[in-house]
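All values below were derived from every heavy atom in this structure, side-chain atoms included, with hydrogens, water molecules and symmetry-related copies excluded. Being a predicted model, the structure only gives us computed values, none of them experimental.
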Amino acid sequence: MQKNILNKILTIGIGLIWLANGLLCKVLNLVPRHQKIVGNILGDGFAKPLTISIGVLEIFMAVWIFSGYKSRVNAMLQMLIIGVMNILEFALVPELLLWGKYNIVFALILICVIFYNEFHLKKTN
């Protein structure tokens with residue numbers, strides 16, 4: 001029973017991370033650093049529309065997480081996206097990251113939490 005409760009809490013928390021990053025940081029541009037990261041990697045001319053597009057996709061990810069549909073596929077995709085995104089940022093724009101190169105540590109922790117939540121805590125039928 002406690003595993004089930006922890007799974008639900010972590011699932012909501014993970015979904016809220018995607019929702020906050022997508023809606024608040026990117027779509028509403030409350031954290032302009034995200035648009036600077038996109039601009040430095042993909043070009044300033046496309047930074048705003050690409051940042052908003054990434055934000056919308058992150059909102060869709062949150063909805064998918066909350067829905068529970070194909071949650072294992074979802075968890076694997078989340079881990080892949082977080083890993084690739086953070087490796088690129090680590091290599092290309094570490095000076096724009098909140099914790100610099102240490103951001104990769106927090107990304108790894110989040111990947112481990114997603115893995116633990118989906119593959120160890122979640123009750124399988």
Side-chain angles (χ1 to χ4, degrees):
M1 182 66 169
Q2 284 200 341
K3 277 185 167 184
N4 192 29
I5 292 169
L6 183 57
N7 172 256
K8 288 180 194 277
I9 291 169
L10 287 176
T11 300
I12 291 167
I14 292 164
L16 288 174
I17 289 170
W18 285 97
L19 182 62
N21 273 287
L23 179 62
L24 301 176
C25 297
K26 294 181 181 80
V27 173
L28 297 177
N29 198 28
L30 296 179
V31 183
R33 178 174 36 83
H34 289 271
Q35 190 168 316
K36 287 180 184 175
I37 291 168
V38 172
N40 278 17
I41 294 174
L42 299 173
D44 286 328
F46 299 105
K48 185 173 183 165
L50 285 173
T51 303
I52 291 170
S53 298
I54 292 166
V56 169
L57 291 171
E58 289 179 343
I59 293 167
F60 285 143
M61 179 65 80
V63 171
W64 185 10
I65 292 166
F66 295 138
S67 78
Y69 179 74
K70 296 210 182 255
S71 63
R72 292 208 166 193
V73 172
N74 178 283
M76 289 185 284
L77 185 59
Q78 286 181 72
M79 292 184 290
L80 177 68
I81 289 169
I82 293 166
V84 169
M85 175 187 67
N86 279 276
I87 289 168
L88 285 171
E89 291 170 346
F90 180 90
L92 300 174
V93 289
E95 70 282 358
L96 293 177
L97 300 176
L98 184 59
W99 295 293
K101 289 194 172 194
Y102 291 108
N103 245 50
I104 199 100
V105 174
F106 294 99
L108 183 58
I109 291 169
L110 181 56
I111 289 169
C112 290
V113 169
I114 292 166
F115 180 85
Y116 179 73
N117 188 49
E118 182 61 37
F119 296 97
H120 291 286
L121 288 180
K122 186 166 184 190
K123 193 188 299 184
T124 54
N125 296 334

Return a table of donor-acceptor pairs under 3.5 angstrom between the side chains of residues 93-103 and protein atoms on other chains or two or more places apart.
{"from": "N103", "atom 1": "OD1", "to": "W99", "atom 2": "N", "distance (Å)": "3.0"}

Got a list of side-chain donor-acceptor pairs under 3.5 Å for residues 59-71, not counting sequence neighbours?
{"from": "W64", "atom 1": "NE1", "to": "Y69", "atom 2": "O", "distance (Å)": "2.5"}
{"from": "S67", "atom 1": "OG", "to": "W64", "atom 2": "O", "distance (Å)": "2.7"}
{"from": "S67", "atom 1": "OG", "to": "Y69", "atom 2": "N", "distance (Å)": "3.1"}
{"from": "S71", "atom 1": "OG", "to": "E118", "atom 2": "OE1", "distance (Å)": "3.3"}
{"from": "S71", "atom 1": "OG", "to": "E118", "atom 2": "OE2", "distance (Å)": "2.8"}
{"from": "S71", "atom 1": "OG", "to": "K122", "atom 2": "NZ", "distance (Å)": "2.4"}

What pairs with M85 under side chain to side chain contact (heavy atoms under 4.5 Å, CB included), at least two apart in sequence or on another chain?
-> E89

Could I get the full list of side chain to side chain contact (heavy atoms under 4.5 Å, CB included) partners for K48, not counting sequence neighbours?
-> Q35, I52

With sequence neighbours excluded, residues passing side chain to side chain contact (heavy atoms under 4.5 Å, CB included) with K8 = N4

Donor-acceptor contacts under 3.5 Å from residues 9-25 side chains, at least two apart:
{"from": "T11", "atom 1": "OG1", "to": "N7", "atom 2": "O", "distance (Å)": "2.7"}
{"from": "T11", "atom 1": "OG1", "to": "N117", "atom 2": "ND2", "distance (Å)": "3.0"}
{"from": "W18", "atom 1": "NE1", "to": "Q78", "atom 2": "OE1", "distance (Å)": "2.8"}
{"from": "N21", "atom 1": "ND2", "to": "I17", "atom 2": "O", "distance (Å)": "3.0"}

Do I87 and F90 share a hydrophobic cluster, counting only Ile, Leu, Val, Met, Phe, Trp and Tyr and linking them when any side-chain heavy atoms are less than 4.5 Å apart?
-> yes

Are V38 and I81 connected in a single hydrophobic cluster, I mean Ile/Leu/Val/Met/Phe/Trp/Tyr linked by side-chain heavy atoms less than 4.5 Å apart?
-> no

Rounded to the nearest 0.5 Å, what's the gap from CG on L110 to CG on N86? Could you check?
-> 8.5 Å

May I have all residue pairs that pass salt bridge (Lys or Arg N to Asp or Glu O under 4.0 Å) and include part of residues 22-47, sequence neighbours excluded?
-> K26-E58

Apart from L108 itself, what residues make up its hydrophobic cluster, given side-chain heavy atom links below 4.5 Å?
-> none

ILVMFWY network linking L42 to L88, side-chain heavy atoms under 4.5 angstrom | yes

Enclosure of F119 CZ (heavy-atom neighbours >12, cutoff 6.0 Å) = yes

Considering residues at least two apart in sequence or located in another chain, which fulfil the side chain to side chain donor-acceptor pair (under 3.5 Å) criterion with S53?
-> none

Partners meeting side chain to side chain contact (heavy atoms under 4.5 Å, CB included) with L80 (sequence neighbours left out) = V84

Y116 meets the ring pair (Phe, Tyr, Trp, His ring centres under 6.0 Å) criterion, sequence neighbours left out, with H120

